[in-house]
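Quick note on labels: first sequence line is chain A, next is B, and so on, each numbered from 1.
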Amino acid sequence: MNAPHERDKTDDQGRLRPGESDASGATSARNLNFIEQIIEDDLKSNKWQGRVQTRFPPEPNGYLHIGHAKSICLNFGLAARYGGQCNLRFDDTNPTKEEDEYVTSIQEDVRWLGFDWEDRIYYASDYFPQLYAWAVQLIKQGQAYVCDLTAEETRAYRGTLTEPGRNSPYRDRSVKENLDLFERMRAGEFADGQRTLRAKIDMASPNLNLRDPVMYRILHATHHRTGDQWCIYPMYDFTHGQSDSIERITHSICTLEFENHRPLYDWYCNALGIYHPQQIEFARLNLTYTVMSKRKLLTLVKEGRVSGWDDPRMPTIRGLRRRGYTPEAIRSFCDRIGVAKFNSTIDMAVLENALREDLNRRAPRALAVLRPLKVVLENYPEDQVEEMEAVNNPEDPSAGTRQLPFSREIYIEQDDFREDPPSKFFRLAPGREVRLRAAYIIKCVGVVKDDQGQIVELRCTYDPESRSGTPAANRKVKGTLHWVSAPHAFRAEVRLFDHLFKVMDPDDVPAGADWHANLNPDSLETLPACCLEPRLADAQPGEHFQFERLGYFTVDPVDSRPGHPVFNRSVSLRDTWAKIEKQG
RNA sequence: UGGCCCCUAGUGUAACGGCAGCACGACUGACUCUGGAUCAGUUAGUCAAGGUUCGAAUCCUUGGGGGCCAGCCA
């Protein structure tokens, strides 16, 4: 699916319109990924009576990141494509880690990405009574028992990867005793960890998940939703499949590490004799130059390596959003990376390119000088100010034009001048001519230096005949520079970001070191007083601009104040010159 | 040295026993009042070996490489 196609299906907020799907249905021409193939096969065989029901099941114990976005786009996208539904379900079975703050933020992020679960927001914790009843059922069927082994003993009895486990001495308790004990577990008679409820499967199974897995553990903890109603909590494995079952999920899509759990997922559904969804696993997203694990992300926040979960360098949805990523760009990215079972790492350049592609067609252009070098136009009248007309967006004629004040003193980028220009340097140098974007052609006639020999000012002349828009302006000039009129410049802070890590794979470290060694100390550069064209003073939080020749910038929604916007560089423009220069 | 899963250009991802294609990257060139954008082109691949077959990236076997699993986490 290409980007314009996707744009057609979104509303003003960039959301997918209800009922719109990304393809016309089961007979799309587009190549199918392996999950779409499964779904289309199921549709043909009528396995689920034509239904497609998916779900996005986050645990509310952290903020969502770009990896979650892949799953969100997959699950909601599949539902949209095949005329089905996608539920939002919080997998909240561990009260010690989960918080309401996260359930709120997760909803915001999913909605911001452009997806709508309508009224289908569910919580695994709402299923606790049913789950309890199902546990009792398995006890009665002789397929579950209360075990008194400690955590350490349980581990010892489990065996190893290569050796079978041993049966728990409590494995053959009577149904009556198990029922009684389980009831008392629930009633709070026992301390944390004192007993568990376990499924009676096979302690010799080569799949460790089947060696009598724990179904319930005792946890005297306050749950974010059920409070102190329960002191026993079901494990993931005893919750997820049944939750899917309750919600009549057809395709339960999860990441690869749950592959080994699928036999257990199937075992519970079969033993309980309930509706049985199909679990399908795909490879989670990895990106170069960043980390994706919640643990490492949390470490970065806690150690103050970043300013928070929404630091623009973070791969979190909130970080990307604050940096200036759009929902469209993220969705487009998720479309193009594909879905497979191979553990892969996507080049960060793919993400960046998705943003450029989106912002190129919608971001208004502006002139901004990040590292100013003063230029005095010796032949320009002292107090004259002219208004120059500039195109707002060459990709979008409807964006119109704007006026730019021009005067005798202007700023250009320090990088745009070289006293001793290398070959292929098309910019300004002594004796050279260059065009000022939407203004005049100027020529450098002098260089002013301070005591240390640093260039502090350029003396130039302008060609009065070369004003943009007039016929005489059409002379061939090698380079075009951006500029800002010095007396009219609006001073503002601009932040430049680089990769959080210096190397593609942060975990690739020399012996003895850990991933911290790969942190990029220069990932944030703050330029406190850049010179921007005047209208940028009114830029609103979240607004995107292209600073011509520099990149796409977005007004920081956290640190900006009215009249004092702070700009984040969302992504740089492709820079051919930088490439040439790097090659030497 | 148990079990399960995976392996296609640099990175990703298609090809459903029948011409190995696409995207990103890289490199050329054209165009350009953004060294942006756009356009055109080049580059480069089926992990290996056997087998089945008229024909194998695809099916089978063996080998190689990688991932996951020994939480009362999800």
Residue A/K341, side-chain atoms from C-beta onward, closest of B/C5, B/A37, B/G12: B/C5

Is there a donor N/O on one and an acceptor N/O on the other, under 3.5 Å, for the side chain of A/Q546 and the base of B/U34? yes

Inter-nucleotide P distance (B/C47, B/A56), Å rounded: 15 Å

B/G71 glycosidic conformation (syn if within 90° of 0, otherwise anti) is syn

Examine the side chains of A/R295 and A/T299 and answer whether a donor and an acceptor come within less than 3.5 Å of each other. no

What contact category does A/F342 fall into here, base, sugar-phosphate, or nothing, at under 4.0 angstrom with non-hydrogen atoms? sugar-phosphate

Partner set under side chain to side chain contact (heavy atoms under 4.5 Å, CB included) for A/N474, not counting sequence neighbours: none

In whole angstroms, how far is the P atom of B/G36 from the CZ atom of A/F426? 10 Å

So what does A/T345 hit on the nucleic acid, given a heavy-atom distance under 4.0 Å: a base, only sugar-phosphate, or nothing? sugar-phosphate

List the residues meeting side chain to side chain contact (heavy atoms under 4.5 Å, CB included) with A/A578, not counting sequence neighbours, and say none if there are none. A/D575

Interatomic distance at P, B/C6 relative to B/A26, whole Å: 33 Å

Between A/Y132 and A/F182, is the gap from one ring center to the other below 6.0 Å? yes

d(CG, A/N286; C1', B/C6) in whole Å: 14 Å

Enclosure of A/M504 CE (heavy-atom neighbours >12, cutoff 6.0 Å): no

Please list, chain by chain and in numerical order, all residues satisfying ring-ring contact (aromatic ring centres under 6.0 Å, His included) with A/Y236, sequence neighbours excluded. A/H240, A/F258

A/P394 has its side chain closest, among B/G12, B/U34, B/G2, to B/U34

May I have the distance from A/K476 (atom NZ) to B/A30 (atom C1'), rounded to whole angstrom? 12 Å

Nucleotide of B/U13, B/U34, B/A37 approaching A/A340 most closely (side-chain heavy atoms): B/U13

Between A/Y233 and A/Y216, does the ring centroid distance fall short of 6.0 Å? no

With a 6.0 Å cut-off (strictly less than), is the heavy-atom count around NZ of A/K424, excluding the residue itself, greater than 12? no

Hey, does A/G62 reach any base, or is it just sugar-phosphate, or nothing, if we go heavy atoms under 4.0 Å? nothing

Kindly say whether the aromatic ring centers of A/Y440 and A/Y462 come within a distance under 6.0 Å. yes

Distance flag, aromatic centroids of A/Y102 and A/F90, threshold under 6.0 Å: no

Between P on B/C4 and CD1 on A/I280, what's the gap in Å once rounded to a whole number? 20 Å

Distance-only donor-acceptor check, side chains A/R55 and A/S252, under 3.5 Å: yes

Is it the case that the side chains of A/Q546 and A/Y552 hold a donor-acceptor pair, with the cut-off being a distance below 3.5 Å and no angle test? yes

Calculate the interatomic distance between A/L210 atom CG and B/C4 atom C1'; express it in whole Å. 12 Å

Suppose we call a contact any N or O donor and acceptor under 3.5 Å apart; does that hold for the side chain of A/E581 and the base of B/G35? no

What does A/Q37 touch in the nucleic acid at a heavy-atom separation under 4.0 angstrom: a base, only the sugar-phosphate, or nothing? base

Check: A/F406 ring centroid to A/W483 ring centroid under 6.0 Å: yes

Grab the CD-C1' distance between A/Q279 and B/C68 for me, whole Å please. 13 Å

Over all strands shown, is A/R365 touching base, sugar-phosphate only, or nothing at heavy-atom distances under 4.0 angstrom? base

What integer number of Å spans the P atoms of B/C39 and B/C22? 15 Å

For RNA chain B, what dot-bracket results from Watson-Crick or G-U pairs at under 3.5 Å, with [ ] for crossers and | for inter-strand partners? .((((((..((((....[..)))).(((((.......)))))....(((((..]....))))))))))).....

Treating primed atoms plus P, OP1 and OP2 as sugar-phosphate and everything else as base, which nucleotides of nucleotides 69-74 of chain B get B, S or - for protein heavy atoms under 4.0 Å? BBSBSB

Go along nucleotides 18-27 of chain B 5' to 3' and tag each nucleotide: B for a protein heavy atom under 4.0 Å from its base, S when only backbone or sugar atoms are that close, - otherwise. ------SSSS

